[in-house]
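Only one structure is covered here, and it is reproduced in the block below.
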Amino acid sequence: MSTGSTPRPGARDRNPRDWRRRYAIGLIVTDLIVLVLVIFGVQIAWFGFDSSNVTFRGRPVDLAVSYTAISVILIAFWMLILAVYGTRGYRVLGTGPEEYKLIVNGAVRLFGLAAIVAYLFHIDLARGYILIAFPLGTIVLCLSRWLWRQWLNVQRLQGRYSARVVLVGSAASATRIARELERQTSAGYLVVGACVPNGEAGTQLAGTTVPVLGGLDEVTAALHTVQADTVVVTSGGEISPRRMRELSWGLEPGKQHLVVVPSLVDIGGPRIHTRPVAGLPLIHVETPRYEGLKLFTKRAFDVVMSALLILVLSPVMAVVALIVRWGSPGPVLFRQERVGINGATFTMLKFRSMASDAEARLFALLDEQRLQGNTVMFKMKDDPRVTPIGRFLRRFSLDELPQLFNVFAGSMSLVGPRPPLKSEVELYETHV
């Protein structure tokens, strides 16, 4: 593959850098259509086609303005808020929840501003008109953006409407990032080349179709060669701070972008905070904390919801208990020691779905499972210990209903990982 080619057919637009502007223009058009339909639709639904007036109380001269004028003003300010909050910025488009958050935040601010203006100037606005227009407009705006995002994902699968990326760093790190971005096409990064130490133009990154465009000193030329608009630094060890500054200064402002990939992986987004200090872009990774209000809120949710579910599902649990009792010899409930929070063990409850000697037969089946290469998460596809009734219960997860009592008592949570066996925990790797 030559250095000027791209990994996918159809990836080259007439001007690859213009896709962001074209996409933003499309969003402006649909945002305006949505707001016009919603605001005027609510006006017509609330007042009919009669042009009702808005009155100003407590003024020397009473003014009367039609709701049509109010709707036009509201639409204009809403469009302005969407622009001010950067809801159409390329950094938030196509992936992640930030785009929707900005739309909601803008709507809330606009609603607050309208309420303050109405109060200060004694404007009599129909409450129903306002209380329906704002949430409905926000919902439909988010829906239209979601539809745009589905269209954008289809385009990105074909290599269009994506940032054209040149990877810079070691061959190993560039290969890893190239493979990750290849899998996540919806993220909008199309890798069109790489610059690695001692790189030879005309070769490819090992195991990929990404062309090598040269060494670390040839990044600027490589950008122009493949019409790329984004440099992704995959590892900082090969690039000195001075060379990094020169690289950032050499990019065309507003048209070419620099992205640095840190060595952090599998870190939750809310735990990462960037703070520039003395010219250094420090990345703060917060230690996970589960205390205070978060702990109280989750526990309160577990107690209330488990109590309600126990109350509502008690007839179902009574019927299941009778079926299990009559279906096969043995106790109704199956009790098993599991490992919970902070390594503490507890007794987990389930409706018995296996024969009464299931535990005694476990070791023989476990040896067989090891031969199949699965030792930690032991779960057989066709477990011979499961009774016919148990298969039905497991199919609809009815055997797990007694775990609601575990949740109510505090040893489990409605939302959380599967509690493992002690023998499974002993086989965990150190990082797990």
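Keep in mind that what you see is a predicted model, and the values were worked out from it rather than measured.
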Identify the two heavy atoms, one from [X] and one from [Y], that lie closest to each other, and give their separation to 0.1 Å.
X: G199; Y: V212; answer: CA-CG1, 3.9 Å
X: A178; Y: L205; answer: CB-CD1, 4.5 Å
X: F134; Y: F111; answer: CD1-CD1, 3.4 Å
X: A228; Y: V166; answer: CB-CG2, 3.6 Å
X: L311; Y: S314; answer: O-OG, 3.0 Å
X: N153; Y: S186; answer: OD1-CB, 3.4 Å

Run the salt bridge (Lys or Arg N to Asp or Glu O under 4.0 Å) test against E180 and tell me which residues pass, sequence neighbours left out.
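By the salt bridge (Lys or Arg N to Asp or Glu O under 4.0 Å) rule, E180 matches R183.
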
Can you name the residues that form a salt bridge (Lys or Arg N to Asp or Glu O under 4.0 Å) with R395, not counting sequence neighbours?
none

So, do [X] and [Y] sit near enough that their side-chain heavy atoms are less than 4.5 Å apart?
X: W78; Y: L32; value: no
X: K298; Y: V415; value: yes
X: I25; Y: R21; value: yes
X: Q336; Y: L421; value: yes
X: M244; Y: V233; value: yes
X: V191; Y: V232; value: no
X: L37; Y: V140; value: no
X: R394; Y: M354; value: yes

A quick test of your reading: do over 12 heavy atoms of other residues, nucleotides or ligands sit less than 6.0 Å from [atom1] of [X]?
X: E200; atom1: CD; value: no
X: W46; atom1: CH2; value: no
X: Q184; atom1: CD; value: no
X: R243; atom1: CZ; value: yes
X: F408; atom1: CZ; value: no

Once you round to the nearest 0.5 Å, how far does [atom1] of [X] lie from [atom2] of [Y]?
X: L143; Y: L141; atom1: CG; atom2: CG; answer: 9.5 Å
X: C195; Y: L223; atom1: SG; atom2: CG; answer: 7.5 Å
X: I75; Y: L35; atom1: CD1; atom2: CG; answer: 6.5 Å
X: F405; Y: S306; atom1: CZ; atom2: OG; answer: 9.5 Å
X: H224; Y: L213; atom1: NE2; atom2: CG; answer: 13.0 Å
X: I103; Y: R88; atom1: CD1; atom2: CZ; answer: 9.0 Å

If the plane angle is over 60° it's perpendicular, under 30° parallel, otherwise tilted; pick one for W151 and Y23.
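Aromatic pair W151/Y23 classed parallel.
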
Sidechain-backbone polar pair: [X] side chain, [Y] backbone, donor-acceptor under 3.5 Å:
X: S162; Y: G159; answer: no
X: R352; Y: P331; answer: yes
X: T347; Y: E337; answer: no
X: S397; Y: E400; answer: no
X: R338; Y: M348; answer: no
X: S71; Y: F40; answer: no
X: N406; Y: L349; answer: yes
X: R164; Y: Q227; answer: yes
X: Q158; Y: Q155; answer: no
X: D302; Y: L414; answer: yes

Side chain to side chain contact (heavy atoms under 4.5 Å, CB included) assessment of Y189 paired with I177:
CA-CA 11 Å; Y189 292 96; I177 299 301; over 6 Å; no

Using the side chain to side chain contact (heavy atoms under 4.5 Å, CB included) rule, take D399 and F392 through it: C-alpha gap first, then chi angles, then the decisive distance, then the call.
CA-CA 9 Å; D399 60 320; F392 174 81; over 6 Å; no

How about W146 and Y100: are their ring centres within less than 6.0 Å of each other?
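Centroid separation for W146 and Y100: 6.0 Å or greater.
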
Please list all pairs passing the salt bridge (charged side-chain N to carboxylate O under 4.0 Å, His left out) test where one or both residues lie in residues 99-111, with sequence neighbours left out.
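Those involving residues 99-111 are E99-R145, E99-R149.
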
Run the side chain to side chain contact (heavy atoms under 4.5 Å, CB included) check on T208 and R179 step by step: do they pass?
CA-CA 8 Å; T208 72; R179 289 173 176 169; 4.1 Å; yes

With side chain to side chain contact (heavy atoms under 4.5 Å, CB included) as the test, would you mind laying out the steps for L74 and L110 before giving the verdict?
CA-CA 9 Å; L74 187 59; L110 182 61; 4.2 Å; yes

Which is it for E426 and K422 under the salt bridge (charged side-chain N to carboxylate O under 4.0 Å, His left out) test, yes or no, and what are the steps along the way?
CA-CA 6 Å; E426 292 172 351; K422 190 174 181 180; 5.2 Å; no

